[in-house]
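One is the number of the first residue; the rest follow in order along the sequence. These numbers come from a predicted model, not from an experiment.
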Amino acid sequence: MHRPPARPDLSGRSPATLAALGGVLAALVGSAAGQLVAAVTDPASAPVLAVGSTVIDLTPTPVKEWAVSHFGTHDKTILVGSVLVGTLVLAAIAGLIARRRFVRGAALLVLLVAMAGAAAVRRPTGSAADLVPAVVTAIVGVVALWLLRRAADRAGRPTGTDATEPAQSAPAPNRRVFLVGAGVTVVLAAGLAGAGRAISVARSRLSDIVLPRAAKPLPPLPAGLERQYPGISALATPNREFYRVDTNLTVPVVDQGGWSLVVDGDVARRIELSYDDLLGMPLVEHGITLTCVSNEVGGQYVGAARWLGVPLAALMDRAGVDTGNLPSRGQLLSTAVDGFTISTPLDVALDGRDTMIAVGMNGAALPREHGFPARLVTPGVYGFVGATKWLTRLTLTSYGEHRAYWTRRGWATQAPIKISSRIDTPSPLSRIKPGDHVIGGVAWAQEHGIARVEVSIDGGAWRTARLGPDVGIDYWRQWYLPWHAAPGQHELAVRATSADGVVQTPVRATPFPAGSSGIQKIVVTAA
């Protein structure tokens, strides 16, 4: 007997398409529920973020550097998006399997969530409690998958017939059943995700913290060149614009009331300080430029700020450390609240430079994105060896006993910041009108300061630029050079000289393993 062809569902969509869509929607609502629970407990334990963090840890260094150089600060967004897309593809497969064998489809969904739960627990600070978001994700996802499968089955039946009887007439499938189920699922997922986001934002807001003044406050910053020559980086980088490069997919939410800083290891006395203890110590204020080792020549991963905090030397004194008798291969191993570690050579951390445990940034409490409640700030070295955020422990030890996160991945242990300069205006590949312009930017040479900045136009002789205000050897220096641009294409280059006479090297080096070097050259067109 001739059977009529299978009737397409939902305006032409086949039962297989509905099953796959059901798997995707089930994964979305499950993930949103898990995110909501994680927002209340620990945001980093959210399934998608836990998997993403594991991917970061397993990614080879060259791939990481490629991602940072190509995607910049969007690298984390792209990573999380990739993990989510991969999860949804597998969820669609689970939906297809569940169409015929629900238990097997649900098992695949649970397996995906179980992997995320394992990733959450395996974090350095992971615990059994970090499984809760994954468990909630699995339960909500499986229930949603079951309900959507039933809705898809009903949507596939012609209206007014029994499921066991072949349809001989042409009544329309009951599409509304699946449409309503899918719509409710989407709204629920959006609501759960929105609630989780709102909770995370609320928890991230800092209460009105009033920081004590420094024992010897710095004088107000002088007026920067950016007021006169727009386009040059501000003398002080606003907190909201300060670069952020780290391995965290979500900002740790730390309660200062339960936080403490421990100093231990090869010390005479182990000490532990609360947030109030730290604020009760004599505070210092220093202007310091920080640079990420991932910063390419002419890159944006550098910023200047005024930091308020406790000198590292004061903590070492409390712990009974003899700074005049330090081991040659000693390190200060700093640990963040999430277990992340950084190694700072002892001969750098305690050589008399203005290394500090910062609690304030540009006149405000340290933002969560930049390490609240406290972070390490070490002038003159790249952040990966001296700028631990969300700090909770300082351990005096040796490189033989402990290897920090970046040390295990082959990065340098000694990483002084190289003399560098950058052209801010005009921007690379820009088109400008012929006539009078200003070439300007910033230069930095921590521990020595900038004595001279020079510009070369179209390969010509180096011309000395005019320098902006000098606010300290560890702070960057603004500069500018008046320029009459003739019509046509022009190549602009810049180099800096430190106060001790060292000229910025033209030798090119990549960020790995100890920071980039070379002369920035840009092309602009006057037309």
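In this view, D277 satisfies the salt bridge (charged side-chain N to carboxylate O under 4.0 Å, His left out) rule with no residue, not counting sequence neighbours. With sequence neighbours excluded, the residues satisfying side chain to side chain contact (heavy atoms under 4.5 Å, CB included) with V377 are I288, L290, W307, M356, A358, R375. With sequence neighbours left out, the side-chain hydrogen bond (donor to acceptor under 3.5 Å, both in side chains) criterion links D57 to Y405. With sequence neighbours left out, R270 forms a salt bridge (charged side-chain N to carboxylate O under 4.0 Å, His left out) with E272. Residues satisfying the side-chain hydrogen bond (donor to acceptor under 3.5 Å, both in side chains) test with Y301, not counting sequence neighbours, are none. Take D246 and apply the salt bridge (charged side-chain N to carboxylate O under 4.0 Å, His left out) test, not counting sequence neighbours, and it matches K76, R244, K389. With sequence neighbours left out, the side chain to side chain contact (heavy atoms under 4.5 Å, CB included) criterion links V63 to T59, P60. Under the salt bridge (charged side-chain N to carboxylate O under 4.0 Å, His left out) criterion, R306 pairs with no residue, sequence neighbours left out. Applying the side chain to side chain contact (heavy atoms under 4.5 Å, CB included) rule to L346 yields the partners L326, P327, L332, L350, L396; only residues at least two apart in sequence or on another chain are considered.
Relative orientation of the F71 and W66 rings is perpendicular, given thresholds of 30° and 60° on the angle between their planes.
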*Verify side chain to side chain donor-acceptor pair (under 3.5 Å) between R403 and S343, making sure each step is shown before the conclusion.*
CA-CA 8 Å; R403 299 180 70 209; S343 290; over 6 Å; no
*side chain to side chain contact (heavy atoms under 4.5 Å, CB included) between L273 and L315, worked out*: CA-CA 10 Å; L273 302 172; L315 294 183; 3.3 Å; yes
*Test E285 against L283 for side chain to side chain contact (heavy atoms under 4.5 Å, CB included), laying out the working first.*
CA-CA 7 Å; E285 188 177 29; L283 302 183; over 6 Å; no
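No side-chain heavy atom of T378 sits less than 4.5 Å from a side-chain heavy atom of L312.
The list of side-chain hydrogen bond (donor to acceptor under 3.5 Å, both in side chains) pairs with a residue in residues 81-109, not counting sequence neighbours, is empty. Judged as a side-chain hydrogen bond (donor to acceptor under 3.5 Å, both in side chains), the pairs with a partner in residues 34-54 (not counting sequence neighbours) are, in order, D42-R123. The stretch residues 24-52 participates, sequence neighbours left out, in no ring-ring contact (aromatic ring centres under 6.0 Å, His included) pair at all.
Looking only at atom types and distance, the side chain of D338 has no donor-acceptor partner in the side chain of T125 under 3.5 Å away.
Judged by distance alone, the side chain of T344 and the main-chain N or O of V385 form a donor-acceptor pair under 3.5 Å. With hydrogens and angles ignored, the 3.5 Å screen pairs a side-chain donor or acceptor of D130 with a backbone N or O of S127.
For the atom pair NE2 of H286 and CG of L308, the computed distance is 9.5 Å after rounding to the nearest 0.5 Å. Note that CD of Q414 is 13.5 Å distant from OH of Y382, once rounded to the nearest 0.5 Å. For the atom pair T413 OG1 and Y399 OH, the distance stands at 5.0 Å (nearest 0.5 Å).
The six-membered or imidazole ring of F340 lies away from that of W390, with a centre-to-centre distance of 6.0 Å or more.
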